[in-house]
Structures are given as structure tokens and as C-alpha cells.
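This report refers to the structure that appears directly beneath it.
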Number of protein chains: 2
Amino acid sequence: MDAEAIKQSLENSGLRCTPQRYAVMAFLMEHNRHPTAAEIFEAVNRVDPRSSRATTYNNLRDLVQAGLVREVAVEGRAARFDAKGIRHHHFICDRCGNVEDMEWYDVPRPASGSLGKRILRECELIFRGLCKKCALPRASRKLS
Amino acid sequence: MDAEAIKQSLENSGLRCTPQRYAVMAFLMEHNRHPTAAEIFEAVNRVDPRSSRATTYNNLRDLVQAGLVREVAVEGRAARFDAKGIRHHHFICDRCGNVEDMEWYDVPRPASGSLGKRILRECELIFRGLCKKCALPRASRKLS
DNA sequence: GAATTATTTAGATTATATCTAATATGACAT
DNA sequence: ATGTCATATTAGATATAATCTAAATAATTC
């Protein structure tokens with residue numbers, strides 16, 4: 001997503017495209033690794049324009065309210081954020097605690113029998129509560 | 001689960017059954033509403049024996065390490081806890097943010113085609129990211 | 001360009017969690 | 001029973017994450 005597109009999506013949501021706000025949004029678009037507010041603050045301050053801690057928090061709040069960003073549910077103290085570019089959910093592994101992005105399928109409402117094979121494969125992982133790596137048979141896994 | 005059973009499960013995990021630790025565990029067994037540490041601290045201090053804040057945190061840490069309790073992944077600042085009585089996962093609604101307990105199915109490893117109807121119904125909700133209430137057709141939902 | 005509104009800022013404050021070091025308790029060998 | 005050792009508890013200090021405050025700055029409108 002290029003600069004102009006980010007600017008547009010901010011303005012479509014009624015947010016002015018300030019340099020600080022743009023920096024937060026752009027960082028989240030580029031790095032979909034669910035950073036904390038502190039990580040985002042650090043990252044945007046490695047280059048101009050600088051931004052204060054309060055502004056970073058304010059902008060994250062505004063972006064979440066506007067629906068462009070969401071707060072990811074994770075264990076641990078610090079909130080983590082995620083640009084909602086392509087719609088997806090999160091899956092947290094029971095064993096290793098990793099947060100994995102999960103494709104979003106627009107399942108037609110009443111069609112219980114119509115889930116595709118690919119979806120079925122993901123369902124298995126979900127009901128085990130293990131991520132793809134941890135769900136491998138014991139032998140092929142590194143001990144942790 | 002009665003007092004003796006709780007005592008046993010603590011001791012089986014190598015933890016002494018102290019009054020304070022017992023109180024935390026018993027509270028989590030009774031109230032599976034994913035309370036915060038602060039809520040647990042308050043609750044156990046409404047009756048004897050009293051417990052300090054540090055002890056409550058220590059005991060929660062010990063119980064999590066022992067595998068008797070787990071920390072629930074949620075948005076928001078405060079960690080939330082959950083007794084791992086019956087194995088289950090958590091499902092967080094995209095719309096309302098509620099945390100729902102989700103039954104744990106022991107899906108046999110390679111049988112992609114063998115998920116039951118009940119599981120399929122849950123899969124639909126998961127892939128929508130909405131809880132049972134929020135997944136109802138618009139008309140039958142209260143606006144939030 | 002004056003008035004209005006939105007944004008940013010440093011620093012103070014609140015909320016949550018952990019650490020420290022002193023004390024208390026329980027297990028158990030003698 | 002008593003002393004010893006490991007474990008647990010405690011109040012208070014500290015650390016970390018988030019929010020608030022009030023003043024300054026920038027953009028927008030009239």
C-alpha cells in the first residue's frame with residue numbers, strides 16, 4: 001500500500017493525515033508482527049518526524065476507533081496492534097503462545113456441510129489449540 | 001470439585017496446599033469467568049485467611065507454572081486467569097470482545113473429512129470471528 | 001488574519017505487575 | 001519436642017504500561 005492510499009484511508013475515516021499518525025499507520029501496514037505501543041513508538045522515532053509517547057497512544061486509540069487498526073488479544077502486559085488490511089483473525093497456540101494470522105473465510109450463513117477442505121484442515125488445528133508447527137507429530141518437532 | 005480434590009491436585013503438582021494458595025485455586029474453580037488478579041485478590045480477602053497482593057500474584061504464577069491455571073489471552077491491560085479443569089480453548093468475539101469458553105475436541109490427526117456436525121457449526125462461528133449472539137442475523141440482534 | 005478546532009507535547013498520574021528483604025510456617029530428622 | 005532447612009507470606013518499594021492534564025502548535029473556516 002503506497003503513501004497516497006494510506007492518506008486516503010485515514011481521511012475516509014475522518015482522520016487528518018498528520019505526519020505522526022501517518023507514521024504509525026504506515027509502520028503497522030509494513031510490519032504485521034503485532035508490535036506493542038512501545039515498539040511502534042520507538043520505530044517511528046528512529047526517523048523524522050518525531051512523535052511523543054502520548055501522541056503514539058492517542059493515534060493508536062484513534063486508529064482503533066476508526067476501525068483501521070485493531071488491538072490483538074494476547075497474554076502478557078502490553079497491548080499489541082495490527083493493521084486490519086486484509087480481514088483476518090488470530091490464532092494463539094496453546095503450546096508456544098505464538099499469535100498466528102488466520103485467513104478470514106466468508107462462510108455462507110446456513111451451509112454447515114459446505115466448508116472446503118482447506119478450511120477443514122484449519123479447523124483441526126483450531127480444535128487442538130496448536131499452531132502449525134506445534135501440531136506436527138512429536139518426532140519431527142524440536143523439543144522446547 | 002471438593003476441598004480434598006483441590007488439595008490433591010495442588011500436591012500432585014508439587015505445590016504445598018497453603019490456605020492462601022488454596023483460596024486462589026478454589027476461587028478459580030468456582031468462578032470460570034476469567035477474573036483478573038485484582039479481582040481474585042479482592043475475592044480471597046473478603047474472607048479469612050487474608051492474603052497479600054504479592055502472595056496472590058506469586059500463587060497465580062505458581063499455579064500457571066504447574067499447569068493448573070492458565071492466563072487467558074484478552075485485549076486490555078490486566079491479565080485474566082482460568083482454571084484448566086476440563087480442557088477447553090477460548091474464542092474472542094470480533095464484535096463484542098467477549099471471551100467464550102470453547103469445547104475441546106480431540107480431532108484424530110489425519111482425518112480431514114471426519115469432523116462432526118457440531119464441530120462444523122462451531123467452525124462457522126470461528127471463521128466469522130463472531131460469538132454465538134453476534135452471529136445471529138441482524139434483525140434478531142439488539143443494536144450495540 | 002482572527003476564531004475555531006484538532007493535534008501534539010512534556011510531564012504528572014494511575015493502574016498493573018514484580019521485586020526485595022524481613023518474617024513466618026511447615027516438614028522432618030534427630 | 002527442638003533445631004534446621006526449604007518454602008511461603010508480607011508490606012512496601014520499584015518497574016512497566018497506559019492515560020490524563022494543561023499548555024503550545026498547526027490546520028481549517030469564516
Side-chain angles (χ1 to χ4, degrees), chain A residues 6-8 10-28 34-45 47-66 68-82 97, chain B residues 6-8 10-28 34-45 47-66 68-82 97:
Chain A
I6 292 177
K7 183 164 183 287
Q8 274 311 312
L10 289 175
E11 285 170 358
N12 290 343
S13 302
L15 296 172
R16 286 217 306 243
C17 183
T18 67
Q20 291 84 351
R21 187 174 288 148
Y22 175 89
V24 169
M25 192 64 207
F27 180 79
L28 280 170
H34 318 120
T36 63
E39 284 163 359
I40 297 166
F41 170 69
E42 249 199 88
V44 303
N45 276 286
V47 291
D48 276 326
R50 314 270 142 177
S51 182
S52 72
R53 210 149 38 92
T55 299
T56 306
Y57 278 102
N58 287 344
N59 282 328
L60 282 167
R61 192 220 318 105
D62 296 344
L63 291 169
V64 169
Q65 272 186 354
L68 295 171
V69 166
R70 83 179 129 172
E71 201 180 322
V72 181
V74 284
E75 294 170 36
R77 334 270 134 271
R80 291 179 172 273
F81 298 90
D82 188 15
Chain B
I6 292 177
K7 184 164 183 286
Q8 275 309 313
L10 289 176
E11 285 170 358
N12 290 343
S13 302
L15 296 172
R16 284 215 312 242
C17 182
T18 66
Q20 291 84 351
R21 186 173 288 147
Y22 176 90
V24 169
M25 191 65 208
F27 181 78
L28 280 170
H34 318 121
T36 64
E39 285 163 359
I40 297 165
F41 170 69
E42 248 200 87
V44 303
N45 275 286
V47 290
D48 276 325
R50 314 269 141 179
S51 182
S52 73
R53 210 150 37 93
T55 298
T56 306
Y57 278 103
N58 287 344
N59 282 328
L60 282 166
R61 192 222 315 108
D62 297 342
L63 291 169
V64 169
Q65 272 186 353
L68 295 172
V69 165
R70 83 180 129 171
E71 199 181 323
V72 181
V74 284
E75 293 171 36
R77 335 274 132 265
R80 291 179 172 273
F81 298 89
D82 188 14

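Proteins come first, then strands; the chains are lettered A, B, ... in the order of their sequence lines, and each starts at number 1.
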Quick one: closest heavy-atom pair of B/Arg50 and B/Asn45, and the distance? NH1-O, 2.8 Å
Of all the heavy-atom pairs spanning B/Leu15 and B/Ala66, show the shortest one and how long it is. CD1-CB, 3.8 Å
State, without any angle test, whether B/Arg21 and B/Asn59 hold a side-chain donor-acceptor pair at a distance under 3.5 Å. yes
Nearest heavy-atom neighbours spanning B/Ser52 and B/Phe41: C-CE1, 3.5 Å
Taking atom CG of A/Leu60 and atom CD of A/Glu71, what is their separation to the nearest 0.5 Å? 9.0 Å
Under the side chain to side chain contact (heavy atoms under 4.5 Å, CB included) test against B/Leu10, which residue among B/Thr18, B/Asp62, B/Leu68 passes? B/Leu68
Outer limits of DNA chain C sitting under 4.0 Å from a non-hydrogen atom of chain A, read 5' to 3', are C/dA6 to C/dT18
Spatial distance of atom CD (B/Gln65) from atom OG (B/Ser13) [nearest 0.5 Å]: 11.5 Å
Scan nucleotides 14-20 of chain D nucleotide by nucleotide, 5' to 3', and note B when protein non-hydrogen atoms come under 4.0 Å of the base, S if they reach only the sugar-phosphate, - if neither. ---SBBB
Would you say that A/Phe81 contacts A/Ile40 through its side chain, given a criterion of any heavy-atom pair below 4.5 Å between the two side chains? yes
Find every protein N or O atom lying less than 3.5 Å from an N or O atom of nucleotides 4-8 of chain D, and list the pairs.
| unit_1 | atom_1 | unit_2 | atom_2 | d |
| --- | --- | --- | --- | --- |
| D/dA8 | OP1 | B/Arg21 | NH1 | 2.9 |
| D/dA8 | OP1 | B/Arg21 | NH2 | 3.3 |

Neighbour count >12 (heavy atoms, 6.0 Å) for atom CD, B/Gln8: yes
What is the minimum heavy-atom distance between B/Ala37 and B/Tyr57, and which atoms define it? CB-CE2, 3.5 Å
